Number of protein chains: 2
Amino acid sequence: MDNEIQEILINNKLSNTEGRRKILELFLSHNGAMAHNDIEKGLGEKIDRVTVYRTLQKFLNKGIIHSIPTSDGSIQYALCKNDCSEGHHHDDHVHFVCRQCGNTVCLDEVNTPTLDLPKGFKPRQVEVIVSGVCKDCNQPRG
Amino acid sequence: MDNEIQEILINNKLSNTEGRRKILELFLSHNGAMAHNDIEKGLGEKIDRVTVYRTLQKFLNKGIIHSIPTSDGSIQYALCKNDCSEGHHHDDHVHFVCRQCGNTVCLDEVNTPTLDLPKGFKPRQVEVIVSGVCKDCNQPRG
DNA sequence: GTAACTGCAAAATATTTGCATCCTT
DNA sequence: AAGGATGCAAATATTTTGCAGTTAC
């Protein structure tokens, strides 16, 4: 995993600092998206809240992570899987919010649909958030 | 329009107060969704901020309005067109956020698609937010 | 050594809660 | 009259900004 972290930082021309490493580590070890607050908690509050804000902002700009709006107003962040770059996201997968465990995950294998919009509307990006019960919570046992 | 306002309030067993009337009036006269802040401004700040919060919350619960999460984290609110009722939204249309004018509108005529999710995921609601350039901003003239 | 990053303090915003008063029915 | 709605004050929570000290390269 360390390799992966270094790679991400180098590829994005970001200096290798503890905060960034810790936050990337958290993303890589956490399955699913996290809100700012989750991240802060997940770090054991060792990193200043402000640094977290700034780091997330930077990661967003660089295309390392993407943000997922959810209906309760919390913004979730998740790692971009591949070939996103500065100002150029390829973020065309569906997101799933589980009503039971609260987790938000990227369904990388489900692409956002092409929609037939009324005349005059020019779509640039389609964001799909599905809510329901996720695979894990849907298990009959355990 | 007054009739419509009265009707909404009566149908939802809400007492007929100035704040509620004003906020409904604003929704009815405004084409598109509004964030909390827009609503406060739109009311000319005649109604207490707290009342706006509480009213929106109540309208949401009653199914008079629905909320639209957008990627910048602002929650937008829009009138439900029909047959939504308490805890029972029929809110299966697509939302469009214009990058030029910033407006968010409901595309009532475009239904949310049915998606093929991975095994185990049980969808309950599908939220689609399209961003791009809206009909109005796409006009070659004017 | 220099530019970039961090943490702290504090400002600015946004949201929630308690309570006394007022309004609707 | 009774219950609910409102406004105000204040408590909380969230996000942004400025700046001085520190770190990466």
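Treat the numbers as computed from the prediction; the structure is a model and nothing was measured. Every heavy atom of this structure was used, including side-chain atoms; hydrogens, water molecules and symmetry mates were not. Chain letters run A, B, ... following the sequence lines, proteins first, then strands; residues in each count from 1.
You'll find that the side chain of A/Arg49 is closest to D/dT15, out of D/dT15, C/dT15, D/dG7. The side chain of A/Ser15 lies closest to C/dC5, out of D/dC8, C/dC5, C/dT24. Distances were taken from every side-chain heavy atom of A/Thr51 (C-beta onward) to each of C/dT6, C/dC8, D/dT6; the shortest belongs to C/dT6. Listed nucleotides D/dT6, D/dT17, D/dA24 differ in distance to A/Arg21; the shortest reach to its side chain belongs to D/dA24.
Counting non-hydrogen atoms under 4.0 angstrom, B/Arg20 reaches the backbone sugars and phosphates but no base. Looking at heavy-atom distances under 4.0 Å, B/Lys13 makes no contact with the nucleic acid at all.
Between the P atom of C/dT16 and the CD atom of B/Gln57 lies a distance of 7 Å, rounded to the nearest Å. Atom P of nucleotide D/dT14 and atom NE2 of B/His36 are separated by 17 Å, given to the nearest angstrom. Between the P atom of C/dG7 and the NZ atom of A/Lys46 lies a distance of 12 Å, rounded to the nearest Å. Atom-to-atom, CG of A/Asp48 to P of C/dA9 comes out at 10 Å; the value is rounded to the nearest Å.
When the nearest nucleotides of DNA chain C are assigned to B/Asn16 and B/Tyr53 by heavy-atom distance, the more 5′-ward of the two goes with B/Tyr53.
Distances shown here put a side-chain N or O of A/Thr17 below 4.0 Å from the OP1 or OP2 atom of C/dT6.
Taking only distance into account, the side chain of A/Arg54 meets the base of C/dG7 through a donor-acceptor pair shorter than 3.5 Å.
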